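Here the structure is laid out as structure tokens; the discussion comes afterwards.
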Amino acid sequence: MSIPWLASRRTRGVLPGNPACSGCPHNIGLKVLGRVVGDRAILVVPAGCTSIIAGYWPREGLEFPLLHVPFASAAAVASGVRAALDVGGRDDAIVVVWSGDGGAADIGFATLSGAATRNEDILVIVSDNEAYMNTGVQASGTTMWKALTTTSPVLGKTEERKDIALLTLMHKVPYVATASIGYPSDLAEKIRRASEIKGFKLIHLHSPCPPGWRFDSDKTVLVAKLAVETGAWILWEYDRGNFKISPPSTPYRDKSRRKPLTEYIKLQGRLAHLTEEDIREIERRIDENWNLILRLEEYYASHVKA
Amino acid sequence: MGLVYEPVDLEREAFEDLRGFIEKLLSKPAPGSAGRTGAWRLYRPAVDAGRCIKCGICWLYCPDDVISWAPKGLPIIDYSYCKGCGICSSVCPVKAIDMVLEGE
Amino acid sequence: MKVKVLMGNTAVAEAVRMADVDVVSAYPITPQTIIVERIADMVERGELKARYVRVESEHSALAVVYGASASGARVFTATSSHGLLYMYEMLWWVANSRLPIVMAVVTRAIGPPWNIHSDHQDALTVRDAGWIIGFASSVEEAFDMTLQAYRVGEDRRVLLPVMVSLDGFTLSHTSEPVRLPEESEVREWLPPREPLPFKLEPGSYFSVGNLGPDEVTMELRWYVWRAMERAKHVIREVSVDYARRFDRSTHSLVEEFKTGDARYLVVLAGAWSGDAMEAADMLRDEGYPVGVARLRYIRPFPAEELRELATSVRAVLVIDRAVSMGHMGVIAGDLVATTRGKVVVKNIIAGLGGVDMGPEDFKSIIKGFVEEYESGALDSWFYTEWYMPWVRGR
């Protein structure tokens, strides 16, 4: 969706002067969300950065009807909101869970899985900054292998990250996509498409965090784009049986067109300790992930034809 | 049991309470929910009007939505809330936004 | 008005149907299951036009009805024991958001060891959150209290969630005749919910529960406190109104049994109160001037009623089915605080884990208490004992 179209929207999503850190990726995502569906959306927000970003009483820093909820409850609260709106005949409404990685992939995972299993008519956006940033950068289920956090301060995280988008896809829901705050038009398009589908939708949004990943606040978008350009983050979309790699990631199906991984890694203080061997291992894992995504694309393509 | 209850004007007290706790429980969208965040800024983005191609990319990526922009227009930055993150400067395709140290 | 034989659980389900709730969500746990099975059946058969959300945990059950209530729906959930404890943080979130959610708690012991039988530890453990907590003592009362819960909780003078507790098995699975009012009369008595204190819907731009000054947190708790105080008046009012309308006895916060000329008062709550009253009756025949005060509500605590009752007798016996470890029985602790040491209070902890308590047990406890007092052996102004006759010396 074009920049002029987004700029022409009346609902802003983000209001100037909210408490988000300087260069915050969540704000970029929330701004796009507000511009696309702010007039129809209700936001359910579990504990996380956005609990703060939403503003300090009596002001709200966002432009949404917004319900703060306990950490593990978001997808269930959203299911309840949906149920009440359905009973009241409000089909126009879009109920959105705006969650971090902890709220969706870790403490709230059972709740998310329950809502996905019920195919609740809600949209879950997981704005993933790859650690518990709001409490001071502790390792989460989506923190990448080797990344330094305050609970993996010396050696880096010893476990691989979990893939919340693919886990959700296996719940047989109608819509799952990955996105990046580096590509707002792609994100806007995905939000629009998801908002037109009845049933459970999830967008896994890559949100590089300046203080958490230790890069300067002006590099948020640069880092997000490099994640895609090096192939470390793959943008794809599953829409009711169709699985496609999204346009921004399309060139990088071809490994030779990907930028060197070090360009992405060297900007981040959390990865400054990596050895060459570590980087080779990360690259191997990225290749493996590409294989999986390409195979899935093939699988669904043949599935649709058959 | 013959218990005499203290007479309380329930209606009035309840009405005042309802108003009171709703006011405390709810917040309304407004700029500056963290105050004048312009005060956080170390570097100020300065738009070079001559260089600017009015593409709107700075507007698109500004996390705090402090840039006003209309198609084919120059970006106007609201310095009372701009946190000075520098994203607008880093995404500008023609390097038309400089980050200038505050006070210079 | 027709009379139907119902179990405690089905009576609650029937009340939910008559209350015309919009959204129900629950996770099954013994002994609550029949309530949620029955409601699911009503919804699937179209006898109750509601959305039934089958969740993956109790935490989510309360979260679902929280969301639905925030968007204006009348809601219901039910649980027991570990399920209630699993909901714990949501209980507080609900109370501070002032949403009039109604929940049935079919009381059950907390493990380990696993035990599905009734004591009151689950419901009383959550007493500080800001829920109104009622205790039924008959199947008909479980029905009545559920309907009353909506009127009380949704009253704009109150706006608090309400828990209706009924003892697992002894009420939940016991059949008794219930005088069922006509549905149309109930609808008239309980009109649809007003969407207060707020209604979350698209286009209504506000957020609920933003971070703020510490004073806001404290003031919000203070408002819950005041609403709880007003709830006492509203419960009295609603109980009397309901009794008149549907031909019931007019007990409100406390049911009194032979308290008028009593010199000794027994205080307790829940299904076993009937056995205690039977014991009091037997003791009356033997010349013991005993009365019983059954608490219908634990929160708000009926301090005024109990203070008046307790200070007009020689001594009070509180029989608790829940204990605050390191202190005393939960109700006893509240009563001692309420009477401010003006009366001797003896506290018996009994029936934990569902240990069976019959009229004979109550009789021996009450008789022992009266004799102890009259022989001058009750020398301290309050103390706690555990009633475990199968253990030598207890």
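In what follows, every chain begins at residue 1, and chains take the letters A, B, ... in the order their sequences are listed. Because the structure is a prediction, the values reported are computed rather than measured.
In this structure, chain B has a heavy atom under 4.5 Å from the backbone of I181(A), while its side chain stays farther away. Both the backbone and the side chain of W59(B) have a heavy atom closer than 4.5 Å to some heavy atom of chain A. Contacts between C62(B) and chain A at a heavy-atom distance below 4.5 Å involve backbone atoms as well as side-chain atoms. Residue K24(B) touches chain A through both its backbone and its side chain, counting heavy-atom pairs closer than 4.5 Å. Of the two parts of L62(A), only the backbone, made up of N, CA, C and O, holds a non-hydrogen atom closer than 4.5 Å to a non-hydrogen atom of chain B. If you measure heavy-atom distances from L26(B) to chain A, the contacts under 4.5 Å come from the backbone alone.
A salt bridge between R9(A) and D39(A) is present, with a side-chain N of the basic residue lying under 4.0 Å from a carboxylate O of the acidic one. One finds a salt bridge joining E229(A) and K259(A) here, because a Lys/Arg side-chain nitrogen approaches an Asp/Glu carboxylate oxygen to under 4.0 Å.
Expressed to the nearest 0.5 Å, how far CG of N18(A) lies from CG of D64(B) amounts to 6.0 Å.
The number of heavy atoms from other shown groups lying within 6.0 Å of CZ (R19(B)) does not exceed 12.
Taking the six-membered ring for Trp, H204(A) and W233(A) have ring centres closer than 6.0 Å. In this structure, the ring of H206(A) has its center less than 6.0 angstrom from the ring center of W213(A).
Within the cation-pi definition used here (under 6.0 Å to the ring centroid, within 45° of the axis), R41(B) does not qualify as a partner of Y79(B).
Between chain A and the residues G86(B), S90(B), S27(B), the largest count of heavy-atom pairs under 4.5 Å involves S27(B). Interface remark: of the candidates P25(A), G55(A), G182(A), G182(A) forms the most heavy-atom pairs closer than 4.5 Å to chain B. Among D78(B), L60(B), T37(B), V66(B), the residue with the largest count of heavy-atom pairs under 4.5 Å with chain A is L60(B).
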